Number of protein chains: 2
Amino acid sequence: MSTIAKALGLLDLFCDAQPRLGLSDVQRLVGRDKATVHRHLVALEQAGFLEQDAGTRAYRLGPALTRLAGMRARTVPEVEMVRSVIGGLSREAGELVHISRLQGFDLVHVHHAEEHDHPVRVSFDAFGLPPLFATASGKAYLAFSPGGLLDLALADPRTSLPGTSVPDRREIETELKQIARLGYARNRDTLRLGVSSVAIPVFDGASRAFATCSIAYPTGRGGKGTEARLARLLMQRGQDITEAMGGVVPPQILDLWTPSRERAAS
Amino acid sequence: MSTIAKALGLLDLFCDAQPRLGLSDVQRLVGRDKATVHRHLVALEQAGFLEQDAGTRAYRLGPALTRLAGMRARTVPEVEMVRSVIGGLSREAGELVHISRLQGFDLVHVHHAEEHDHPVRVSFDAFGLPPLFATASGKAYLAFSPGGLLDLALADPRTSLPGTSVPDRREIETELKQIARLGYARNRDTLRLGVSSVAIPVFDGASRAFATCSIAYPTGRGGKGTEARLARLLMQRGQDITEAMGGVVPPQILDLWTPSRERAAS
DNA sequence: GATGTTGGTTCAAATAATGAACCATGAGAT
DNA sequence: ATCTCATGGTTCATTATTTGAACCAACATC
């Protein structure tokens, strides 16, 4: 393991739960020698990636990160940022990933990634614009948005299209509450037979849901644990996706997605 | 020089002028061996600090920066971020630095830093609330804000306070244009005899000026080059200051502040 | 004042970084 | 078609940097 990797790895220790860490804290968390850790911390501090509180001598994330992140935001177009994140997610999940953005009252496709080699795959297809509550993405969006939107979605003329059963408002509201509790939405065969999916919302700079990211997979694949596994992967990347699109995940959602990242001392 | 510092130093090469660099580019810029540079780039990429374009194989700043910057923004209060930046600036400049924020039609003090050891110093003092066009800070603010504000400032009742001469609108407008061209505002003895200052605007998240940062110094100090030197220091840190307060510097101002950071190949 | 923290330093030993030489590929130029 | 130059990337013996046990000083607790 390169020293560079070791040093940079230290930055990941600074999480929401513990944003300030002293030398001993870091030493305990990574298990390396104190002298080594100290020199890494100093090197990071001199580069501006950490800064040290003059009073408590604790370290926290430094200004260089803000500077470089700003540089990236200015120079790397959103498309490429999103591509790199969902590309990685698709590789991890082994399934089709796609991102839709709200336009009017519909979620329209903006990006997708398909980096896997299963013989059976869900083919991507912009299959019309189904009503919001009929897709995992739509439900993910509704569950994390102001209440009034559901009424508008229910008033959607496509609600009564042939083949789609008229939805029950109560039932939907119950499901949306469950989604808000779980952190992700799901769909099993409801829109296209044999196709299931899980979805999470994407937030904008003001922490409002404005898009969604979903993973679609053949319902049969992988048995019972599949949905949970994919949902977990999706939620783990939730922050990266939102940030790639220039947004900020509300703290309470972040807790839902990346719980117990605490590294309590033993 | 530690390997960590060498590797992290590579990140600074990615600037607005050249956001994508190939292995050879980086190698030329830093002058180190190609193999070394390559391994550093790979290490940075694996940690997410860089990412490589699959097509061109060029490197660009990576998603980990956005993630960590977000973490910092959430966990480190603005006060401390600002303090660390202007503290450094005060050390570099050897003079009093302070930041004011617009409140109503006045710039009120929010932070200051005074880390120097000159025997003669400008003492900090919240000397009332002078009209905007009488201070370097106020002029810096006006010069980078929508035009209508000048009228409001001129209508300020304090304009006709004893001792302050009634300002000429034409004259002020000319000066504001000059400030917008130079990138910074200045004041020499106009408000307090023996005290001069230079100032720049601070921008919010929507790139609107909402505060200012200024350096105050005894007019006599350091001869003729002083103003230029301090202004240069101030503008160099302009981006850091705005970003520490959660804002974004408009690109055209950024060009003014950090020009020709290009590192052209010889 | 004994004891356990904390942040930080030292210096011989060990490991990881280094760089000259080496590939493979692609773009122009002849 | 081939020669050349540039590119990104790799190898491996040499070297220099990183490493960590022991050590120090300051502070808090018992």
Side-chain angles (χ1 to χ4, degrees), chain A residues 1-14 17-62 76 80 83-84 87 262-266, chain B residues 1-14 17-62 76 80 83-84 87 262-266:
Chain A
M1 193 184 201
S2 74
T3 45
I4 299 169
K6 276 182 266 186
L8 292 182
L10 298 183
L11 296 176
D12 289 325
L13 301 176
F14 296 81
Q18 310 185 333
R20 277 139 225 264
L21 300 171
L23 169 59
S24 299
D25 297 323
V26 177
Q27 191 270 325
R28 254 191 307 277
L29 290 170
V30 297
R32 281 192 277 276
D33 188 272
K34 191 173 51 160
T36 305
V37 168
H38 180 246
R39 290 191 24 216
H40 288 178
L41 290 174
V42 170
L44 288 170
E45 193 215 340
Q46 276 172 353
F49 284 69
L50 289 177
E51 57 186 350
Q52 192 175 27
D53 188 296
T56 67
R57 310 222 134 183
Y59 297 89
R60 56 168 180 260
L61 296 175
V76 180
E80 297 197 52
R83 255 203 338 180
S84 77
E262 306 186 32
R263 293 164 180 84
S266 61
Chain B
M1 193 185 201
S2 74
T3 44
I4 299 170
K6 277 183 264 185
L8 292 182
L10 298 184
L11 296 176
D12 289 325
L13 301 176
F14 296 81
Q18 311 186 331
R20 280 137 222 265
L21 300 171
L23 170 59
S24 299
D25 296 324
V26 177
Q27 191 271 323
R28 254 190 307 277
L29 290 169
V30 296
R32 281 191 278 275
D33 188 88
K34 190 173 53 159
T36 304
V37 169
H38 180 245
R39 290 191 23 215
H40 288 178
L41 290 174
V42 169
L44 289 169
E45 192 214 342
Q46 278 171 353
F49 285 68
L50 288 177
E51 59 186 350
Q52 192 175 28
D53 188 295
T56 67
R57 310 221 134 186
Y59 297 88
R60 57 167 180 261
L61 296 175
V76 180
E80 298 198 51
R83 254 201 341 178
S84 77
E262 307 184 32
R263 291 164 181 83
S266 62

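These values consider heavy atoms only, across backbone and side chains, with no hydrogens, waters or symmetry-generated copies. All figures in this text were calculated on a predicted structure; none of them were measured in a lab.
One atom, CG of A:L41, and another, P of C:dG8, lie 9 Å apart when rounded to the nearest Å. Distance A:D25 CG to C:dT6 P: 8 Å, rounded to the nearest Å. Put simply, NE2 on A:H40 is 15 Å from C1' on C:dG8, counting in whole angstrom units.
Under the salt bridge (Lys or Arg N to Asp or Glu O under 4.0 Å) criterion, B:R57 pairs with no residue at all, not counting sequence neighbours. For the salt bridge (Lys or Arg N to Asp or Glu O under 4.0 Å) test, no residue two or more places apart in sequence or in another chain qualifies with A:R32.
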- side chain to side chain contact (heavy atoms under 4.5 Å, CB included) between B:H40 and B:T36, worked out: CA-CA 6 Å; B:H40 288 178; B:T36 304; 3.7 Å; yes
- Task: Please test B:L21 against B:L10 for side chain to side chain contact (heavy atoms under 4.5 Å, CB included), starting from the C-alpha separation and ending with a verdict.
- Result: CA-CA 10 Å; B:L21 300 171; B:L10 298 184; over 6 Å; no
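As judged by a 4.0 angstrom heavy-atom cut-off over every strand, A:Q27 is placed among residues making no nucleic acid contact.
Within the structure, a side-chain polar atom (N or O) of A:H38 is placed less than 4.0 Å from OP1 or OP2 of C:dT9.
The shortest non-hydrogen separation linking A:T56 to A:D53 is N-OD1, 3.1 Å.
Nucleotides of DNA chain D nearest to A:S2 and B:Q52 differ in position, and the one nearer the 5' end is that of B:Q52. For the pair A:I4 and A:V42, nearest-nucleotide mapping onto DNA chain C gives the more 5' position to A:V42.
Side-chain proximity of A:R28 to C:dG8, D:dT7, C:dT6: nearest is C:dT6. Comparing atom distances between the A:L23 side chain and each of C:dT9, C:dG7, D:dT17 picks out C:dG7 as nearest.
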Between protein and nucleic acid, restricted to nucleotides 19-23 of chain C and to nitrogen or oxygen atoms under 3.5 Å apart, what atom pairs and distances do you find?
{"from": "C:dG19", "atom 1": "OP2", "to": "B:T36", "atom 2": "OG1", "distance (Å)": "3.3"}

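Sparse packing is recorded around CZ of A:R83, with 12 or fewer heavy atoms of other residues, nucleotides or ligands lying under 6.0 Å away.
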